[in-house]
Amino acid sequence: MRTMSPRAHDGRDRPGGRGQRDGGAGRRGGASGGKAAPDADLTAEAGRDSLTDVPGGVRLQKVLAAAGIGSRRHCEELIGEGRVEVDGEIVRRYGARVDPDHQIIKVDGRRIPSRQDLVYLAFNKPAGVLTTMSDDRGRPTISDFLGDRAERLYHVGRLDFDTEGLMLLTNDGDLAHRLAHPRYGVAKTYLADVAGPLPRDLGRRLVTGIELEDGVASADKFRVIDQAGSRALVEITLHEGRKHIVRRLLAEAGHPVSRLVRTQVGPVTLGSLRPGSTRALTTREIGELYAAVGL
């Protein structure tokens, strides 16, 4: 029977859509390569939008580049093509000054992480680790794997002590709260090693709903990955967040779980991330998480 090996995720996607170009689009100063004075640039671009510059703010293309969208020249091209919004308004001025800590900036309709003090991580939690930052009984916790980080990170939701796989960690309190709140119904996908053999109607029963002691629970999607003798590997997706929900649901259906790995939260996949390791989320993944919870 196959082992639990989620699909790899290359993590290279980012908003902006187009790759950087070698041509002169977005380069100021003409064929000679001379650079126009800043005042001339702002005058030439005046009237192309009505966004009010923030006194002492940061130039928009610098904010985009710092967020990982691309080089400043590429970011200027995106601005000139009308693909950048600030607080819902398309901005076409290269020199527009914005406040990245308080204004919402989007590229191609997807919000970008403009605040430089915010951290967004994917973490592969091993089994036998508590989903907490400390434990008075000295048991392993997720903080043991984070090193000496200056930021105070929140874990988005929880995984059971014996459950492995993807967790999201961030110091973006608004995003963490919404991702964990059942109102927003962010889907989560798991691989489960369960007792077999499996009846043909198991998927239908799980999607239709099964009565538990605290109400009906149901899966959004279900598929069998592999079966071998008395064991089976299945993939189940659901948006519920009740305690032990996957284990309880499958046990009630007659197929108790012996091993459980979460492989995806919303648009973020576990991929080839090793147990106990972290990686920074891509700009694209962060933007898709914002979109999933309406931020």
Side-chain angles (χ1 to χ4, degrees), residues 1-10 13 122-131 155-168 178-275 285 288-289 291-294:
M1 186 173 70
R2 300 182 208 170
T3 58
M4 297 186 178
S5 54
R7 294 183 297 273
H9 175 76
D10 61 18
D13 291 325
F123 171 58
N124 187 349
K125 185 186 94 64
V129 173
L130 290 173
T131 302
H155 49 80
V156 177
R158 292 181 175 272
L159 284 179
D160 303 337
F161 183 72
D162 293 324
T163 299
E164 309 162 49
L166 179 64
M167 295 195 68
L168 301 182
R178 290 200 181 199
L179 287 172
H181 199 290
R183 170 185 173 185
Y184 297 97
V186 176
K188 304 171 185 67
T189 299
Y190 300 80
L191 287 177
D193 189 345
V194 301
L198 305 180
R200 286 187 151 190
D201 68 340
L202 178 60
R204 179 187 59 78
R205 289 173 57 207
L206 291 170
V207 172
T208 300
I210 291 178
E211 185 74 40
L212 302 179
E213 66 272 17
D214 55 352
V216 176
S218 61
D220 298 332
K221 298 177 184 178
F222 177 84
R223 67 186 180 111
V224 178
I225 304 296
D226 198 10
Q227 289 196 74
S230 62
R231 306 305 305 171
L233 182 64
V234 302
E235 182 181 77
I236 183 169
T237 300
L238 67 172
H239 60 269
E240 288 217 40
R242 281 183 274 175
K243 190 174 183 179
H244 307 307
I245 189 63
V246 176
R247 294 179 184 274
R248 291 165 53 207
L249 182 59
L250 289 168
E252 187 65 27
H255 303 277
V257 174
S258 60
R259 185 185 177 197
L260 187 64
V261 179
R262 185 158 70 188
T263 60
Q264 187 165 350
V265 176
V268 182
T269 60
L270 182 63
S272 58
L273 189 64
R274 293 178 299 174
E285 287 171 327
E288 289 177 346
L289 287 172
V293 296

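One-based numbering along the sequence shown. Please read all numbers here as calculations on a predicted model, not as lab measurements.
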By ring pair (Phe, Tyr, Trp, His ring centres under 6.0 Å), Y190 pairs with (sequence neighbours left out) none
Do side-chain atoms of K125 reach the backbone of R158 as a donor and acceptor pair under 3.5 angstrom?
-> no
Would you say H239's side chain and V186's backbone share a donor-acceptor pair under 3.5 angstrom?
-> no
Would L179 and V265 count as a side chain to side chain contact (heavy atoms under 4.5 Å, CB included) if you check the C-alpha gap in whole Å, the side-chain angles of each, and the deciding distance to 0.1 Å?
-> CA-CA 9 Å; L179 287 172; V265 176; 5.6 Å; no
Please tell me if the side chains of L238 and S218 come closer than 4.5 Å, counting only heavy atoms from C-beta onward.
-> no
Do E164 and P275 touch side chain to side chain, with heavy atoms closer than 4.5 Å?
-> no
Can T131 and T163 be said to form a side chain to side chain contact (heavy atoms under 4.5 Å, CB included), step by step?
-> CA-CA 10 Å; T131 302; T163 299; over 6 Å; no
If you compare all heavy atoms of [X] against all heavy atoms of [Y], which two are closest, and at what distance to 0.1 Å?
{"X": "L159", "Y": "G165", "result": "CD1-O, 3.7 Å"}
{"X": "A180", "Y": "G157", "result": "CB-N, 4.1 Å"}
{"X": "F222", "Y": "L202", "result": "CZ-CD2, 3.7 Å"}
{"X": "R205", "Y": "E252", "result": "NH2-O, 4.5 Å"}
{"X": "R247", "Y": "D160", "result": "NE-OD2, 3.7 Å"}
{"X": "A253", "Y": "I210", "result": "CB-CD1, 3.6 Å"}

Hey, are D214 and R248 close enough for a salt bridge, meaning a charged N less than 4.0 Å from a carboxylate O?
-> yes
Could you measure the distance from the [atom1] atom of [X] to the [atom2] atom of [Y]? Nearest 0.5 Å is fine.
{"X": "L250", "Y": "I245", "atom1": "CG", "atom2": "CD1", "value": "10.0 Å"}
{"X": "L270", "Y": "R262", "atom1": "CG", "atom2": "CZ", "value": "10.0 Å"}
{"X": "E240", "Y": "K188", "atom1": "CD", "atom2": "NZ", "value": "10.0 Å"}
{"X": "L206", "Y": "D220", "atom1": "CG", "atom2": "CG", "value": "11.5 Å"}
{"X": "T263", "Y": "I236", "atom1": "OG1", "atom2": "CD1", "value": "11.5 Å"}
{"X": "D193", "Y": "R231", "atom1": "CG", "atom2": "CZ", "value": "4.5 Å"}

